[in-house]
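Heads up, the thing below is written out as structure tokens.
Ligands are counted one by one from 1 in listed order, and the atoms in each one are counted from 1 as well. Below, all heavy atoms of this structure are taken into account, side chains as well, without hydrogens, waters or symmetry copies.
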Amino acid sequence: MVELLRTISDLRARLSAIRRNGAAIGLVPTMGALHAGHGRLLEKAVTDGGFVVASIFVNPTQFHREDDFQSYPRDLATDLAFCERRNVDAAFVPDADEMYAGEPLTSVVVSGLTEHLCGPQRPGHFEGVATVVTKLLNIVQPDRAYFGEKDRQQLVVIRRVVKDLDIPVEIVGVPTVREPDGLALSSRNQLLSSEERQAATVLYRAIRKAEELVQAGETCPGEVMKQGLAVFESEPSARVEYFEVVDPEQLQPVDEIKAPVLIAGAAHLGATRLIDNILVEARE
Ligand code: PAF
């Protein structure tokens with residue numbers, strides 16, 4: 001039975017008993033609406049062993065549009081059953097008053113890594129993510145914390161926070177899970193109409209096209225971006241927000257492509273914004 005813990009003090013009391021018994025603690029931070037991509041994170045955490053906590057908190061400070069926050073899917077009963085089926089030990093489900101009591105004046109800002117990709121269009125987003133993740137790491141004090149590679153910029157930002165602030169945790173990146181047609185799993189996919197769902201594969205197709213060019217030896221980022229963007233012409237209902245080729249650690253555009261390189265994009269299908277990326281580690 002997954003234990004439901006709603007307050008920081010209850011969670012801390014439970015975890016200190018676990019620590020006294022010598023067990024390692026794994027944390028899987030989520031905003032709920034759990035899907036097979038989260039399933040992969042939870043399974044990895046459970047396989048790695050110890051006591052596994054999933055946090056479920058739709059963090060208001062990382063949404064820069066109120067309508068996006070309001071429409072974010074929420075279904076706690078289904079999420080708890082999902083955790084239960086994967087043998088998660090505890091779910092930490094605080095409300096916003098618990099997480100942000102007393103109007104906090106402190107936040108975590110990561111400069112540089114947020115100038116490209118999702119950063120420019122989502123002001124304050126990564127500050128919200130970095131702050132809530134730092135709080136969750138301080139609350140749970142896990143040995144390992146698990147994040148999906150679909151949100152690659154988030155993963156890079158969190159690794160940097162942990163390094164810069166000397167937070168004693170291992171950050172484990174988990175590969176993206178995809179639908180058979182390539183669409184990366186996302187809690188937002190359930191907001192797509194059936195036409196939008198069909199059109200949504202264009203993002204993955206564009207990134208794959210760019211990956212193929214890089215693998216074939218193309219070194220000019222402009223050419224890779226041009227041909228990737230051309231794929232979106234087949235799907236006029238999709239609005240491209242960005243399509244970039246960047247250094248996978250600094251997340252800055254490259255002048256010349258040498259693997260490893262990160263190809264990442266974001267597109268809007270109706271009111272829903274989707275992101276995806278592929279890391280080209282080495283040329284084949
Ligand atoms: O990836 C997410 O679901 C969120 O950004 C996270 C890491 C749980 C922080 O709210």
Side-chain angles (χ1 to χ4, degrees), residues 5 8 11 26-42 44-45 52-65 68-76 78-80 82-83 86 88 90-96 98-100 104 107-110 113-114 117-119 121-140 142 144-162 165 167 169-177 184-191 251 264 266 272-277:
L5 296 150
I8 296 170
L11 179 68
L27 170 66
V28 181
T30 81
M31 298 203 301
L34 303 180
H35 52 66
H38 298 108
R40 201 61 70 79
L41 301 182
L42 296 168
K44 171 85 177 113
V52 175
V53 180
S55 63
I56 301 176
F57 177 59
V58 185
N59 173 37
T61 67
Q62 70 188 74
F63 288 82
H64 79 290
R65 281 187 9 231
D68 192 23
F69 172 63
Q70 294 300 346
S71 66
Y72 200 84
R74 292 161 172 90
D75 184 349
L76 183 58
T78 304
D79 287 344
L80 291 176
F82 188 98
C83 290
R86 281 160 186 83
V88 170
F92 175 50
V93 188
D95 62 19
E98 179 71 10
M99 285 299 278
Y100 296 110
S107 67
V108 179
V109 179
V110 182
L113 298 178
T114 58
L117 311 180
C118 297
Q121 295 296 322
R122 307 191 75 194
H125 169 71
F126 287 108
E127 182 176 343
V129 169
T131 304
V132 81
V133 170
T134 303
K135 284 167 69 66
L136 289 166
L137 293 175
N138 283 334
I139 292 166
V140 177
R144 293 179 288 267
Y146 298 80
F147 297 88
E149 290 178 352
K150 187 188 73 82
D151 298 302
R152 172 84 58 175
Q153 189 171 19
Q154 167 172 285
L155 178 59
V156 173
V157 164
I158 290 166
R159 283 193 197 283
R160 191 60 189 240
V161 169
V162 162
L165 300 182
I167 303 178
V169 61
E170 181 193 345
I171 300 297
V172 183
V174 179
T176 304
V177 181
L185 296 196
S186 162
S187 303
R188 290 192 159 91
N189 292 354
Q190 58 180 279
L191 303 173
L251 305 183
T272 305
R273 177 180 181 277
L274 300 179
I275 60 172
D276 200 355
N277 71 83

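Between Phe63 and Tyr72, the ring-plane angle classifies as perpendicular under the 30° and 60° cut-offs.
Taking every heavy atom of Thr30 and a limit of under 4.0 angstrom, the matching atoms of ligand 1 come to 8 (C). Close approach of ligand 1 to Val132 (heavy-atom distance below 4.0 Å) involves ligand atoms 9 (C), 10 (O). Taking every heavy atom of Pro29 and a limit of under 4.0 angstrom, the matching atoms of ligand 1 come to 8 (C).
Here Asp95 pairs with nothing under the salt bridge (charged side-chain N to carboxylate O under 4.0 Å, His left out) rule; sequence neighbours left out. Considering only residues two or more places apart in sequence or on other chains, Lys150 meets the salt bridge (charged side-chain N to carboxylate O under 4.0 Å, His left out) condition with none of them.
In terms of protein heavy-atom proximity, atom 3 (O) of ligand 1 is nearest to Met31 CG, 3.6 Å. The nearest protein atom to atom 5 (O) of ligand 1, hydrogens excluded, is given as Gln154 OE1, 2.7 Å; this is a heavy-atom distance. What sits closest to atom 9 (C) of ligand 1 on the protein, heavy atoms only, is Gln62 OE1, 3.3 Å.
Neither the backbone nor the side chain of Ile158 comes within contact range of ligand 1; no heavy atom lies under 4.0 Å.
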Query - Steps toward salt bridge (Lys or Arg N to Asp or Glu O under 4.0 Å) verdict (Asp276, Arg152) - result: CA-CA 8 Å; Asp276 200 355; Arg152 172 84 58 175; over 6 Å; no
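Screening Asn138, Val132, Leu137 against Thr134 for a side-chain contact (heavy atoms from CB on, under 4.5 Å) leaves a single residue, Asn138.
Under the 3.5 Å distance criterion, with hydrogens and angles disregarded, a donor-acceptor pair is assigned to the side chains of Glu127 and Ser107.
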